[in-house]
Amino acid sequence: MDLPASLLHPARAPLTPALRALRLCLHLLMAGLLALAALRADSAAGTVLALVTGAVYAAGSYLPSVRESQRAAAVWLGALGVSWLAMLCLTPEALWVAFPLYFLQLHLLPVRWSLPAVTLTAVAAILSYVGHGAALNPGVFIGPLLGAAVAVATVLGYQALYRESERRRRLIEELIATRAELAAAERHAGTLAERERLAREIHDTLAQGLSSIQLLLRAAERALPPGSPAAGHIDRARQAAQDNLAEARRFVRALSPPDLEHGSLAAALERLCEPGVGDYGPAAGPYGPGAGPRVRFSVSGTPVELPTPYEVALLRIAQSALANTVRHAAASRAEITLSFMDASVTLDVVDDGTGFEPGSVRPSSDGGFGLPAMRSRAESLGGTFTVESAPGQGTAVAVSLPLPAGV
């Protein structure tokens, strides 16, 4: 039974103003009813028992062991119940103490014990009233039973509200944590995307331009007559272009994805298939933290060294396809295959998930790594991108890039 720690164990958690007021009201109610029983007792023994019951109650309210241990709380409630029953035998006024006892039993005992304890307390109050010679009437039974029913409804209703409040609090904390994780992931993805964009721009503009300048200077150098005074200037210009071309290529390598810094594309794809590794985030899917589909990687054909833009595109497409598998497919298995053929290189990502209708997919409005982005990557390198899927039949994503001349 989930109970508020601040109510059951005040030593462990601070009391809110509402709970502090409830505790004060319970103490005042118990003190007032015991004082009434002591004043109206027919004998000195009844007064003494009322005082003893009050002392037992006060001791349990301030003993740390009662506040921190359910077993100690049960012992204390037993001692309090015994002293109350003894007082009940001497004076009928003691039956009113049953009402605060209901709340104590419901708060301090598990529900499988508290409900029987409340029932026995109500029965004892009724029998005591009858045993002291009171006339039988509906009020004799209705009063204690109605009080017990109100106590049960109040306490169980409060506990239900508390559990709902705690559930919402945990949900809000999870949402805040998830928002922070998503923000970090978006920053990381934005950083990687900007690195790749800069690498492409440097490769396609500066590096290619410097390479063309170097070739033109070589041609101009060969066209000069022997002993031309311009030969030295052209040679120095060609050397400067060569040095800057090497520097531009160094920038491209430095801006390439970290996954490709310490190995080949095949090695990066194989690391991507390891549990908990990769940018696709298996914990973001419906599997829960640390779970996800089993992913296998294989290579077909004879691997060749690919240009950096090819490796970047194939790696990012694999990551995006696995992200879709984890987030949407509810798959148990997935397989990545990298195939090297005579004139092309092909990447296949296949899963056994729920599948979907490819024609119903709309381009993402945020430009994320979805199917349109994967298709754009492949087509920017002159390749093809295909998706085969149907509801309940899994999904197969295939991208084929033509190998450039000389590879």
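Throughout, residue positions are numbered sequentially from 1 according to the sequence presented.
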* To do: Kindly say whether Phe385 contributes a backbone atom to a donor-acceptor pair with the side chain of Arg375 at under 3.5 angstrom?
  => yes
* Asked: From Ile317 CD1 over to Ser376 OG, what is the distance, rounded to the nearest 0.5 angstrom?
  -> 9.5 Å
* To do: State, to 0.1 Å, how close Leu338 and Leu269 come at their nearest heavy-atom pair, and which atoms those are.
  => CD2-CD1, 4.0 Å
* Asked: Can you tell me how far CG of Leu272 sits from CG of Leu315, rounded to the nearest 0.5 angstrom?
  -> 6.5 Å
* How far does CZ of Arg316 sit from CE of Met374, to the nearest 0.5 angstrom? -> 13.0 Å
* Give a yes or no answer on whether the side chain of Tyr310 reaches the backbone of Pro402 with a donor-acceptor pair at less than 3.5 Å. => yes
* To do: Kindly compute the distance separating OG (Ser83) from CG (Leu51), expressed to the nearest 0.5 Å.
  => 11.5 Å
* Structure fact -> On a heavy-atom basis, the closest approach of Ala331 and Pro293 is O-CB, 3.4 Å
* **side-chain contact (heavy atoms from CB on, under 4.5 Å) partners for Thr384, two or more places apart** => Ser400
* **Min side-chain heavy-atom separation Leu115-Leu106 under 4.5 Å** => yes
* Just wondering, do Val399 and Thr346 contact through their side chains at under 4.5 Å, heavy atoms? -> no
* Decide side chain to side chain contact (heavy atoms under 4.5 Å, CB included) for Met87 and Val97; before the verdict, give the C-alpha distance in whole Å, the side-chain angles of both, and the deciding distance to 0.1 Å. => CA-CA 10 Å; Met87 183 175 61; Val97 181; 4.2 Å; yes
* Run the numbers on Val56 and Trp76 for side chain to side chain contact (heavy atoms under 4.5 Å, CB included), then give the verdict. => CA-CA 8 Å; Val56 173; Trp76 172 64; 3.9 Å; yes
* Can you tell if the side chain of Ile336 reaches within under 4.5 Å of the side chain of Arg296, non-hydrogen atoms only? -> no
* Give the C-alpha distance, both sets of side-chain angles, the deciding distance and a yes or no for side chain to side chain contact (heavy atoms under 4.5 Å, CB included) between Ser339 and Val345. => CA-CA 6 Å; Ser339 302; Val345 57; over 6 Å; no
* Under-4.0 Å salt bridge between Arg218 and Glu221 -> no
* Donor-acceptor pair, side chain of Trp96 and main chain of Leu34, under 3.5 angstrom -> no
* **Non-hydrogen side-chain atoms of Asp235 and His233 separated by less than 4.5 Å** => no
* So, for Leu314 and Leu347, which heavy atoms are closest and what is the spacing to 0.1 Å? -> O-CD2, 3.4 Å
* With a 4.5 Å heavy-atom cut-off, do Leu33 and Pro100 have their side chains touching? -> yes
* Is Ser344 reaching over with its side chain to a backbone N or O of Met341, donor-acceptor style, under 3.5 angstrom? -> no
* To do: Check whether any side-chain heavy atom of Leu401 sits under 4.5 Å from a side-chain heavy atom of Arg377, and report yes or no.
  => no
* To do: Taking side-chain contact (heavy atoms from CB on, under 4.5 Å) as the test, write out the residues that go with Ala98, two or more places apart.
  => Trp84, Tyr102, Thr121, Ala125
* Could you tell me whether the side chain of Asp351 and the main chain of Thr325 form a donor-acceptor pair under 3.5 Å? => no
* Check whether any side-chain heavy atom of Phe297 lies under 4.5 Å from a side-chain heavy atom of Thr337, and answer yes or no. => no
* Does the side chain of Arg236 come under 3.5 Å of the side chain of Gln239 through a donor N or O and an acceptor N or O? -> no
* Answer yes or no: are there more than 12 heavy-atom neighbours, outside Glu166 itself, under 6.0 Å from its atom CD? => yes
Acceptor/donor pairs from residues 172-179 side chains to any protein atom, 3.5 angstrom cut, sequence neighbours excluded:
unit_1: Glu173; atom_1: OE2; unit_2: Arg169; atom_2: NH1; d: 2.7
unit_1: Thr178; atom_1: OG1; unit_2: Glu174; atom_2: O; d: 2.7

* Asked: Would you say Ser165's side chain and Leu161's backbone share a donor-acceptor pair under 3.5 angstrom?
  -> no
* Closest approach of Leu322 and Ala334, non-hydrogen atoms and distance? -> CD2-CB, 4.4 Å
* Asked: When you measure from the side chain of Asp348 to the backbone N and O of Ala396, does any donor-acceptor pair fall under 3.5 Å?
  -> no
* Checking side chain to side chain contact (heavy atoms under 4.5 Å, CB included) for the pair Leu306/Phe340: CA distance, chi angles, key distance, verdict? -> CA-CA 10 Å; Leu306 298 173; Phe340 293 91; 4.1 Å; yes
* Asked: Would you call Glu357 and Pro391 a side-chain contact if the rule is heavy atoms closer than 4.5 Å?
  -> yes
* Asked: In Å, rounded to the nearest 0.5 Å, how long is the span from OG of Ser114 to CG of Leu104?
  -> 12.0 Å
